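Some notes on the structure that comes next.
Atoms within a ligand are numbered from 1 in the order they appear, just like the ligands themselves. Index from 1, following the sequence. All figures in this text were calculated on a predicted structure; none of them were measured in a lab.
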Amino acid sequence: MISEKIPVAGPWITQKEIDYVADAAANGWYENSTEYIQRFEAAFTQYMGVKHAVSLPSCTSAIHLSLLALGIGAGDEVIVPDITWIATAAPITYVGATPVFADIDEKTWCISPESLRECITPKTRAVIPVDLYGNMPCMDEIEKIARNFKLAIIEDAAEAIGSEYKGRKAGSFGDTGVFSFHGSKTMTTGEGGMLLTDNSELYNRCLLLRDHGRQAAGKMFWNLEIAYKYKMSSMQAALGLAQLERINELAEKKRMIFQWYKGELEGHPGITLNYESACTRNTYWMVTAIIDAELGLDKIHLLEQMNEKQVAGRPFFYPLSMLPAYCFSEEARQAQKRNIVSYKISPYGINLPSGFNMDRDKVRYVCDSLISILNL
Ligand SMILES: *Cc1c(COP(=O)(O)O)cnc(C)c1O
């Protein structure tokens with residue numbers, strides 16, 4: 001038995017991050033008060049190859065702003081995958097629209113294009129594909145469907161910075177792409193988010209909506225409408241800039257951690273790990289294992305037994321349509337019947353420790369624990 005519990009997630013902070021944040025805390029005021037914000041946003045647009053970036057307090061606020069800027073509201077429907085963190089869907093309700101839950105693909109665990117098509121009604125205005133655990137859905141299909149049905153796309157790339165689909169970066173698809181820099185994510189600012197877009201109109205609308213409805217160059221204290229206050233601080237931006245300057249190193253380490261797990265678990269037929277198709281580069285935010293149902297151990301019991309061996313984990317997301325927050329709505333009831341893959345996979349999936357403090361020995365310990373619990 002090991003002495004300290006192995007955590008499920010956590011960042012990789014070096015002296016560079018500490019220096020940047022200290023500099024922002026010491027000097028990021030007066031005429032320098034927006035310097036780190038501007039540098040962070042500029043570095044982000046350059047890395048992603050998009051025109052505009054808006055730094056925000058969270059990814060949740062980035063999705064909220066995206067919906068507002070697209071003019072989505074009461075009477076509209078927005079399609080999300082049933083398997084994701086609730087932050088993907090909650091902002092749909094904030095704007096008065098209705099979330100519709102599509103099934104996921106059995107291999108990628110991301111939104112299934114077939115299910116997306118089936119969920120479209122005359123009220124559908126947008127789809128929010130999610131790059132789950134660092135993987136990406138079949139973007140060609142999703143873009144084609146969106147074009148045919150005139151749907152906006154908000155790409156939720158919160159879990160996939162550094163991932164690619166056919167050489168294009170996660171977060172650069174769609175009318176907007178959004179990121180989270182929560183402490184558990186691949187790159188962090190403590191709490192934070194980013195909204196990306198190539199569309200200057202959407203960009204300008206977001207700038208107005210995130211700053212109490214005032215124009216950057218307009219008359220002072222002259223608010224054009226009632227809006228929101230969604231901003232990131234210089235200290236957070238400084239941390240983000242340092243992390244972004246190390247993004248290749250961060251993504252490579254995530255891929256390395258996954259390779260270690262794969263090496264240990266590959267020969268075991270009862271375990272399926274994250275998928276990487278030929279057209280995708282997956283940055284494996286969370287190494288995830290789906291355990292064959294025949295082994296007779298659901299995710300909650302498995303996590304309990306892992307916990308006894310000092311290994312933290314997380315359950316695979318529950319289908320949103322199953323949660324008390326949604327389960328009684330008409331859309332959720334339909335999803336419960338329709339989304340066979342989501343309901344089949346979710347009970348048997350766990351996220352394995354994937355923090356940046358993982359090394360080969362820890363991965364071996366986690367895998368030995370898992371294999372002994374499963375009697376493989
Ligand atoms: C983490 C996460 C979010 C929310 O990010 P916050 O910064 O906490 O608002 C949204 N979508 C997905 C898929 C996430 O994993």
**Report entry** Ion pair check, K16 and D19, cut-off under 4.0 Å
**Finding:** no
Report task. Could you check N135, T272, N351 and say which one makes a side-chain hydrogen bond (donor to acceptor under 3.5 Å, both in side chains) with T288? Result -> N351
Query raised in the report: Could E114 and R117 be called an ion pair, given the rule that one side-chain N must be under 4.0 Å from one carboxylate O?
Result: no
Give a table of atom pairs where an N or O of ligand 1 lies under 3.5 Å from a protein N or O.
unit_1, atom_1, unit_2, atom_2, d
ligand 1, 5 (O), S180, OG, 3.2
ligand 1, 7 (O), C59, N, 2.9
ligand 1, 7 (O), S180, OG, 2.7
ligand 1, 9 (O), C59, N, 3.2
ligand 1, 9 (O), T60, N, 2.8
ligand 1, 9 (O), T60, OG1, 2.5
ligand 1, 11 (N), D156, OD1, 3.3
ligand 1, 11 (N), D156, OD2, 2.8
ligand 1, 15 (O), E159, OE2, 2.5
ligand 1, 15 (O), K185, NZ, 3.1

Report summary line: Taken in chain and number order and not counting sequence neighbours, the residues that satisfy side chain to side chain contact (heavy atoms under 4.5 Å, CB included) with Q38 are T34
Requested in this report: To the nearest 0.5 angstrom, please state how far the CG atom of D292 sits from the CG atom of L374.
Outcome: 10.0 Å
Report task. Let me see the working for K107 and S277 under side chain to side chain contact (heavy atoms under 4.5 Å, CB included), right down to the final yes or no. Result -> CA-CA 9 Å; K107 271 187 164 165; S277 82; over 6 Å; no
